[in-house]
Amino acid sequence: MSAILQPSATVNRQQFYDRINGGNCTPLWEVLHTLIPKEPNTPCKPYLWKWTEVWPWIQEAGKLITAQEAERRVLVLENPGLRGRSRITHSLYAGLQLILPGEIAPTHRHSQSALRFVLYGGGAYTAVNGEKVTMNVGDFVITPSWTFHDHGNPSNEPMVWMDGLDVPLVEYLDAQFLERAPESMQRIHGTQGENFAQFGNTMKPVEYQAKSRTSPLFWYPYERTREALDTLLADNQAHPCWGYKLQYTNPVTGGWAMPTMGTFMQMLPTGFKGAEYRSTDSTVYAAVEGRGRCVIRGEAFEFGPRDVFVCPSWMPYRFEIADQAVLFSFSDRPVQQALDLWREAFQ
Ligand code: GTQ
C-alpha cells in the first residue's frame with residue numbers, strides 16, 4: 001500500500017463530502033485539528049486604543065447624538081481580529097460611554113452583566129435598583145444581571161467610562177433578555193452611600209440574604225483601591241510578572257465580584273521590568289495612572305492614562321514601566337475557573 005494519496009481517493013472523498021453535505025453532515029477529519037488545536041488559537045489580536053486618538057471621536061459622537069436618543073452613547077472597542085462582531089475579546093464586550101452634563105441614559109435592564117470603569121470626569125451617577133452612586137475616575141461599578149439601571153450627569157463636565165459586558169458569552173448561550181422601564185429615570189430610594197455603608201466595610205446587614213452570585217456591593221471607589229495598593233507597595237516584594245495585584249471580591253463570599261467577569265487592579269512600580277506571563281483568559285487592561293509598555297508576543301504597546309489594551313489568550317506578555325502605573329483589568333477568568341478550563345504559565 002502506498003502512503004501517498006491516490007488522486008482517485010481525493011476525488012472519491014470529495015464526492016462523498018458533497019453527497020453528505022446535502023444532508024447537513026460533514027467529516028470531522030477535515031477539521032479536527034482546527035477544532036481541537038494543541039493550544040489556544042484565538043482570532044483575538046493584541047491591540048491598544050490610545051485615549052488621544054479616541055477622545056476626539058467620543059466628543060464628536062457627543063455632537064451627533066444625545067444619550068437619550070442613543071439609549072447608550074458608546075463607541076464599541078472592536079478587536080481588530082473580530083471586526084463587525086462588537087467585541088474586544090472572543091467572549092467580552094467593551095465600549096467607551098460618554099455622558100454629557102445634564103444628560104441622562106434611560107432605565108433598562110438586561111441579562112448581560114455590566115461593569116463600569118471610570119476614565120474621565122467626575123460627578124456623573126449610575127443608579128442600580130433605585131440606589132444612586134456618584135462616580136469618579138478609577139471607580140469600579142457593577143450593574144448585576146437583570147437589575148434596572150440608568151445613568152445621569154448632573155456635573156458640569158463630560159464623563160467617560162469603559163463599559164465591560166459579557167454580551168458575547170450571553171449571546172453564545174442564547175440567553176439574552178432586555179426590558180425598558182416605563183420611566184426613563186428610576187425613583188431613587190435611600191440615601192447615597194447606603195450600599196457602601198452596608199457592604200463596603202467588611203460588614204453586612206444581619207438580615208442580608210444573597211439573591212444572586214453578583215456582589216451586593218456595587219461601588220468600589222478608587223480611593224480605597226489606591227490606598228490598598230500604596231500600602232502594599234511600601235513593604236512587599238513585587239511579583240515578577242504582575243507587581244502588586246488585587247482582585248475585586250464579593251465581600252460576603254470572598255469570591256469574584258461578578259460571576260462572568262473577573263476584575264483586578266494592579267500597581268507596577270517605576271523601573272519595573274516584568275517577566276513573561278500568559279493565561280487562557282484574554283484580558284482587557286485600562287490604564288489609570290503612569291506610563292509604560294506592554295510587550296505582547298514581542299510587539300510593544302506603549303500606554304498612558306486612559307489607554308485600553310488587550311492581551312489575548314495564551315500569548316506571552318510582559319510589562320516595562322517608565323512611571324509608576326496603576327492598571328485596571330477584566331477577563332472571563334471566573335467562567336473558565338468555574339468550568340475547570342483556566343490555565344496560566346510563567347517562570
Ligand atoms: O450602560 O446599560 O456599553 O446596555 C452596552 C449596553 C452599555 C448600559 C453598553 C448597555 C450599556
Side-chain angles (χ1 to χ4, degrees), residues 49 51 54-55 57-59 61-62 64-79 82-89 91-100 103-121 123-135 139-154 158-173 175-186 188 212 214 218-220 257-261 263 284 286 306 308 310 328 330-332:
W49 289 264
W51 174 258
V54 296
W55 174 226
W57 297 335
I58 294 168
Q59 289 170 294
L64 291 171
I65 192 163
T66 63
Q68 184 92 36
E69 194 191 348
E71 190 160 335
R72 298 294 185 264
R73 190 207 288 113
V74 178
L75 297 188
V76 178
L77 303 179
E78 274 195 344
N79 190 281
L82 297 157
R83 290 309 311 271
R85 299 177 66 190
S86 307
R87 63 195 65 192
I88 191 159
T89 69
S91 62
L92 298 172
Y93 160 102
L96 299 177
Q97 179 157 183
L98 169 69
I99 183 146
L100 291 168
E103 284 192 317
I104 61 138
T107 308
H108 69 193
R109 62 175 172 177
H110 36 71
S111 50
Q112 294 86 351
S113 297
L115 67 85
R116 327 280 168 197
F117 185 72
V118 183
L119 296 177
Y120 183 89
Y125 67 83
T126 191
V128 178
N129 271 347
E131 286 193 56
K132 212 180 219 187
V133 293
T134 298
M135 302 183 286
D139 291 1
F140 159 55
V141 178
I142 298 173
T143 308
S145 170
W146 209 240
T147 54
F148 279 114
H149 54 283
D150 61 291
H151 318 299
N153 186 357
M159 189 176 216
V160 179
W161 62 75
M162 175 174 70
D163 285 318
L165 283 88
D166 52 11
V167 168
L169 269 173
V170 179
E171 179 193 59
Y172 194 77
L173 301 169
Q176 311 100 316
F177 292 94
L178 167 81
E179 189 183 355
R180 290 187 184 86
E183 289 171 342
S184 59
M185 287 168 84
Q186 286 179 82
I188 302 304
S212 83
T214 307
F218 61 82
W219 178 57
Y220 296 75
M258 308 178 75
T260 51
M261 293 184 282
T263 47
V284 180
R306 303 182 201 90
V308 176
V310 188
F328 172 82
F330 74 101
S331 76
D332 62 15

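Whatever order the structure lists ligands and atoms in, that order sets their numbers, starting from 1.
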| field | Non-neighbouring partners of Ser331 that pass side chain to side chain contact (heavy atoms under 4.5 Å, CB included), sequence neighbours left out | value | Phe264, Asp281, Thr283, Arg333
| request: Could I get the full list of side chain to side chain contact (heavy atoms under 4.5 Å, CB included) partners for Ser184, not counting sequence neighbours? | output: Gln68, Ile104, Pro106
| message | Between Arg85 and Glu171, does any side-chain N to carboxylate O distance fall below 4.0 Å? | response | no
| task | Would you please say whether a donor-acceptor pair under 3.5 Å links the side chains of Asp166 and Gln112? | result | no
| request: Kindly tell me which protein residues have any non-hydrogen atom under 4.0 angstrom away from an atom of ligand 1, grouped by chain and ordered by number? | output: Arg72, Val74, Tyr93, Gln97, His108, His110, Arg116, His149, His151, Asp163, Leu165
| field | Side-chain H-bond candidate by donor/acceptor type, Asn153 with Glu103, under 3.5 Å | value | no
| remark: Residue set satisfying ring pair (Phe, Tyr, Trp, His ring centres under 6.0 Å) with Tyr220, at least two apart, ordered chain then number -> Phe140, Tyr248
